[in-house]
There are 2 protein chains.
Amino acid sequence: MVLNYDSVVRGSVAKQVADSIREAILDGRLKINERLPTEEELARRYGISRPTVREALKRLAAQNLIQSKRGPSGGTFVMRPDPAGLSGTITAAATLLVGVGAFDIDEIITARRETEAICCRLAAANHTQDELSAMEAEIALQSDSATSDEEFCASDVRFHRALVRASRNGPLDLMMYTVIEAFIPITNMIVVRMRERQQVVTLHRALLEAIRGRDAEAAVAALEQLLDYLRAMYSATLSARAARSAG
Amino acid sequence: MVLNYDSVVRGSVAKQVADSIREAILDGRLKINERLPTEEELARRYGISRPTVREALKRLAAQNLIQSKRGPSGGTFVMRPDPAGLSGTITAAATLLVGVGAFDIDEIITARRETEAICCRLAAANHTQDELSAMEAEIALQSDSATSDEEFCASDVRFHRALVRASRNGPLDLMMYTVIEAFIPITNMIVVRMRERQQVVTLHRALLEAIRGRDAEAAVAALEQLLDYLRAMYSATLSARAARSAG
DNA sequence: TTTAAATATAGGTCTGACGAATAGGTCTTT
DNA sequence: AAAGACCTATTCGTCAGACCTATATTTAAA
C-alpha cells in the first residue's frame with residue numbers, strides 16, 4: 001500500500017483526503033480488494049482526526065469505490081467496480097435532470113432511438129440464448145394482465161437491459177445504464193392503460209423475434225415503431241389533458 | 001421542507017438518513033436551491049448525533065446532490081444537477097473498470113464507433129457556430145507542436161466533447177460522458193508520437209469540415225477512419241512490444 | 001456616506017469514549 | 001481427540017461536547 005500523505009492546499013481536509021485516496025485507487029497504487037489501513041491508522045498518517053477520516057471514506061463509499069466491514073478481519077476494502085453499482089448514481093442524477101425539466105420528451109426519444117438502435121444491431125449479431133430467454137421471460141410477465149403497472153415498468157426496464165446485454169459489449173452496457181435506468185422509466189410513465197400495454201408487448205415480441213432471426217434492420221424497425229408509439233401516446237395524453245383543462 | 005423522520009430498519013444510521021434525504025430530493029419534496037435545516041437541527045429531528053448527520057450529508061455531497069456553505073447565510077443546499085457534475089463519478093468508475101481489464105480495446109473501439117457516429121449525424125444536422133469554433137480552436141492547439149502530450153490528450157477530449165455538444169441533445173450529452181471522459185483517454189494513450197498526432201489532427205479536421213458542410217456520411221466516414229487508425233496503431237504497438245520482448 | 005470592526009451563525013474539526021459486529025482462539029463437553 | 005459453545009480482541013459505527021473558522025449582517029467610527 002502506497003499513499004501520499006502530502007498536504008494539499010485547497011478544499012476541506014476531508015475532501016483532500018478523499019481525493020488522495022481516490023487517486024491512489026484510480027491509478028492502481030491501491031488494488032482491488034486490498035485492505036486500507038484502519039481508520040485510526042489513516043488518521044495518524046494524515047495527521048487528522050478519525051471523524052474526518054470517516055467523512056472522507058464516506059465520500060468514497062458513496063461512489064462505490066470502497067466498502068467497510070466490522071470485526072477483526074474487517075476494515076475498509078477497495079471495491080471491484082461494477083456497472084450496476086453506478087446505476088444508482090447515474091439514475092439519481094438523470095432523474096433529477098429530467099424532473100427539473102432539463103430534457104424534453106423529443107430529445108429523450110431521439111437519444112433512445114439512436115442508442116438502442118445500436119444495441120439492436122449488435123444484439124442481432126452477437127446475442128446468445130441467455131439473453132433471448134431473459135427477454136422472453138419478461139414478455140411473458142408483461143403479457144399477464146395480473147401484473148401491476150409498477151411490475152410492468154420494472155419488467156420493461158429488465159427487457160431493455162437484456163437487449164443491451166445481448167449486444168455483448170461491456171463499454172456500451174455501461175453507457176446504456178443512463179438511458180435504461182433513467183430515460184425508460186420517464187418514457188414509460190406514459191403507458192399505463194391495458195390496451196397500451198398490449199401494444200407495447202406486441203412490439204417487444206417483434207423486437208425479440210427480429211433479434212432471434214439475426215435481422216438487424218427488422219429489429220431497428222420494431223424499435224422505431226415502439227418509440228413512435230410511445231411518442232404518439234405522449235402527445236395524446238398531453239392534448240387530452242389540455243382539452244380537460246380547457247373544457 | 002417536508003421530510004420523513006421515520007426510522008428505517010436496514011443499513012447503518014448514516015446511510016438511512018442519506019437515503020431518506022436523497023429520496024426527498026429525488027421526488028421533489030426538497031426543491032433545487034432549497035436550504036436544508038442546519039446540521040444540528042437535522043440531528044435533533046432524526047434523533048442522532050451531528051457527526052452522523054455529517055456522514056450522511058457527505059455521502060450526498062459526493063453525489064453532487066447537495067453543497068454546503070459556511071456562515072450565517074450558509075447551510076446545506078440542494079444542488080442543481082448538471083451533467084458535468086456527474087462526469088467525475090462516471091469517469092472514476094469507468095477508469096477503474098478499464099484499469100481492471102474489464103474491457104478490451106476492440107469493445108471500446110466498437111462502442112466509440114457506434115456512439116460517436118450518432119453524434120456525428122446529429123451534429124451535422126443540428127450544430128451551431130459555437131461548437132464549430134470550439135472544435136476549430138482545439139484543432140489549432142493540436143496542430144501546434146509545442147503542446148505537450150498531456151495537453152494534446154486533454155484537447156482531444158475537449159474536441160470530442162464539442163462534437164457531442166454539437167448534436168444538441170441533452171440526454172445524449174449526458175450518456176456520452178462515459179465514452180468521452182473515460183474511453184477516449186484510454187484509446188489515446190496509444191497516440192503519443194508526433195507523426196501519429198499529425199494524422200489524428202488531419203482526421204479531426206476532416207471531421208470538422210464534414211460537419212460544417214452538414215454532410216453526415218462524410219463525418220461518420222472520417223470518424224471511422226480515425227478509429228481504424230487508432231486501432232491499427234494499437235496493434236502496431238502491441239506487436240512491436242512483442243517483438244522487443246522476443247528479440 | 002463610506003469604510004471598518006464586531007458579532008452571530010453555521011459548517012469544519014478535534015478529543016475521547018462507548019456500542020456493535022465479527023473472526024479466531026480457548027475452554028468445556030462428549 | 002473432536003465438536004461445540006463461549007470468550008476476547010479488533011475494527012467500524014455512533015455519540016457527546018467542545019472549539020475553530022469562514023462569512024453575512026450589523027454596528028460603529030471616520
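Sequence lines set the chain letters: A, B, ... in the order given, protein chains first and strands last, and positions in each chain run from 1. Any value given below was found using the heavy atoms of this structure, including those in side chains, with hydrogens, waters and symmetry copies removed.
In plain terms, the two heavy atoms of A/Asn126 and A/Arg168 that are nearest each other are O-CG, 3.1 Å. Smallest separation of non-hydrogen atoms from B/Ser155 and B/Gln142: OG-NE2, 2.9 Å. Minimum interatomic distance between B/His160 and B/Glu116 (heavy atoms only, all atoms of both residues): ND1-OE1, 2.7 Å.
Using a 4.0 Å cut-off between charged side-chain N and carboxylate O, B/Arg165 and B/Asp130 make no salt bridge. Between B/Asp173 and B/Arg161 there is a salt bridge, since a side-chain N of the basic residue sits under 4.0 Å from a carboxylate O of the acidic one. Here B/Glu40 does not pair with B/Arg50 in a salt bridge; the nearest charged N to carboxylate O distance is not below 4.0 Å.
Formation of a donor-acceptor pair under 3.5 Å by the B/Glu41 side chain with backbone atoms of B/Thr38 is not found in this model. A donor-acceptor contact shorter than 3.5 Å is absent between the side chain of B/Gln63 and the backbone of B/Leu60. Judged purely by atom type and a 3.5 angstrom limit, A/Thr52 has no side-chain atom pairing as donor or acceptor with the backbone of A/Ile48.
Inspection of the B/Arg231 and B/Thr187 side chains reveals no N or O donor paired with an N or O acceptor under 3.5 Å. No hydrogens or angles considered: a donor-acceptor pair under 3.5 Å links the side chains of B/Ser20 and B/Tyr46.
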Between protein and nucleotides 6-11 of chain D, map the contacts as a letter string: B base, S sugar-phosphate only, - none, heavy atoms under 4.0 Å, written 5' to 3'.
-> ---BBB
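With sequence neighbours left out, the side-chain contact (heavy atoms from CB on, under 4.5 Å) criterion links A/Glu107 to A/Phe103, A/Asp104, B/Asn169, B/Pro171.
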Give every donor-acceptor pair under 3.5 Å between a side-chain atom in residues 64-77 of chain B and any protein atom, sequence neighbours left out.
from	atom 1	to	atom 2	distance (Å)
B/Asn64	ND2	B/Gly85	O	2.8

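The distance between atom CZ of B/Arg44 and atom P of D/dC15, rounded to the nearest whole Å, is 15 Å.
Near-neighbour residues of DNA chain C inside residues 48-57 of chain B, defined by a heavy atom below 4.0 Å, number-ordered: B/Arg50, B/Arg54. Near DNA chain D, meaning a heavy atom under 4.0 Å away, the residues from residues 61-68 of chain A are A/Ser68.
An end-to-end axis angle of 10° holds for the helix from C/dT1-D/dA30 to C/dT30-D/dA1, taken from five base pairs per end and rounded to 10°.
Phosphate proximity of C/dG12 to B/Lys58: present, with a side-chain N or O under 4.0 Å from OP1 or OP2.
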